[in-house]
Protein chains: 2
Amino acid sequence: MDPDAKIDFEASLYPYQQLAGILRARVARGDWKPGKIIPSESRLVQEYGISRDTARRAIRVLVEEGLLFTVPQRGTFVRER
Amino acid sequence: MDPDAKIDFEASLYPYQQLAGILRARVARGDWKPGKIIPSESRLVQEYGISRDTARRAIRVLVEEGLLFTVPQRGTFVRER
DNA sequence: TTTCATTTGTACGTATGTATT
DNA sequence: TAATACATACGTACAAATGAA
């Protein structure tokens with residue numbers, strides 16, 4: 001997945017799945033290092049032109065994968081590996 | 001948890017957590033047997049006076065517990081054993 | 001210490017898509 | 001055709017906790 005890809009609302013893959021792929025690629029590229037915080041849900045909403053619901057779904061996918069972890073009222077971080 | 005309890009919107013426990021407890025108790029009581037379908041999200045919305053979001057959250061809790069499983073476009077069922 | 005903005009968590013409403021009955 | 005059912009996506013709103021000023 002291209003870490004610089006944009007959301008394609010006409011694609012067959014859901015926007016949240018596309019965003020999950022993009023964020024996964026950005027972590028792999030090193031945009032955010034292990035232990036570091038990623039953009040807030042609001043920031044992702046602004047940057048990708050999607051709803052917060054979609055941003056949260058994408059983050060959830062990566063949290064379930066074990067790539068990220070969320071700290072309530074703080075943010076979402078890249079898990080140390 | 002009382003399987004016949006109603007949602008208390010003034011309680012400290014979130015509505016979705018209360019509903020999860022109620023549904024868990026209803027499964028335990030045998031309202032729905034293993035392999036059988038439980039009420040749809042829309043039915044739960046009507047029966048408990050909550051939003052679909054809340055119904056889905058409650059179901060998700062029980063799915064993660066392994067008590068239920070969902071089949072897209074079909075319904076949510078009680079897992080065998 | 002108090003105030004304030006930020007961030008996640010929750011709740012609700014509406015709409016559309018897809019598949020089944 | 002029509003109704004049912006879940007999945008996704010958009011929006012709004014408020015609560016609670018954190019951290020900075």
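Naming convention: chains lettered A, B, ... in sequence-line order (proteins, then strands); numbering from 1 in each chain.
Of the inter-residue distances, the one linking E47(A) atom CD with I22(A) atom CD1 reads 11.0 Å to the nearest 0.5 angstrom. Distance check, rounded to the nearest 0.5 Å: OG1 of T76(A) to NZ of K36(A) gives 15.5 Å. Note: L23(B) CG to L68(B) CG = 7.5 Å, rounded to the nearest 0.5 Å.
Terminal axes of the helix from dT2(C)-dA21(D) to dT21(C)-dA2(D) (five pairs each, C1' rotation axis) are separated by 0°, to the nearest 10°.
Salt bridge annotation for D4(A)-R29(A): present, with a cationic side-chain nitrogen under 4.0 angstrom from a carboxylate oxygen. Taking the charged nitrogens against the carboxylate oxygens, E64(A) and R24(A) have no contact shorter than 4.0 Å, which rules out a salt bridge.
When rounded to the nearest whole Å, the span between CZ of R60(A) and C1' of dT8(D) equals 12 Å. Distance CZ (R56(A)) to C1' (dT8(D)): 15 Å, rounded to an integer number of Å.
S51(A) comes within contact range of at least one nucleobase, with a heavy-atom separation under 4.0 Å.
Minimum heavy-atom separation, M1(A) to A25(A): O-CB, 3.4 Å.
Within residues 4-16 of chain A, the residues approaching DNA chain D are F9(A), Y14(A), P15(A), Y16(A), by heavy-atom distance under 4.0 Å. A heavy-atom distance below 4.0 Å to DNA chain D is reached by these residues of residues 32-50 of chain B, ordered by number: S40(B), E41(B).
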Check against side-chain contact (heavy atoms from CB on, under 4.5 Å), Y16(B) and D53(B): CA-CA 9 Å; Y16(B) 87 93; D53(B) 180 79; over 6 Å; no

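For R52(B), the salt bridge (charged side-chain N to carboxylate O under 4.0 Å, His left out) test picks out E41(B), with sequence neighbours left out.
A 4.5 Å side-chain heavy-atom check between F77(A) and V71(A) finds at least one atom pair inside the cut-off. The closest side-chain heavy-atom distance from I38(B) to R26(B) is not below 4.5 Å. Under the 4.5 Å side-chain criterion, counting only non-hydrogen atoms from C-beta, L62(A) is not in contact with V27(A). Side-chain contact between P15(A) and Y48(A) is absent, with no heavy atoms from C-beta onward closer than 4.5 Å.
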Pairs under 3.5 angstrom, nitrogen or oxygen only, protein versus nucleotides 12-15 of chain D, please.
none

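Reading DNA chain C from its 5' end, the first and the last nucleotide to sit under 4.0 Å from a heavy atom of chain A are dT7(C) to dT10(C).
Remark: the backbone N or O of Y14(A) is paired with a side-chain donor or acceptor of Q17(A) at under 3.5 angstrom. No side-chain donor-acceptor contact under 3.5 Å links R79(B) to the backbone of L67(B). Q46(A) places no side-chain N or O within donor-acceptor distance of the main-chain N or O of R43(A), the cut-off being under 3.5 Å.
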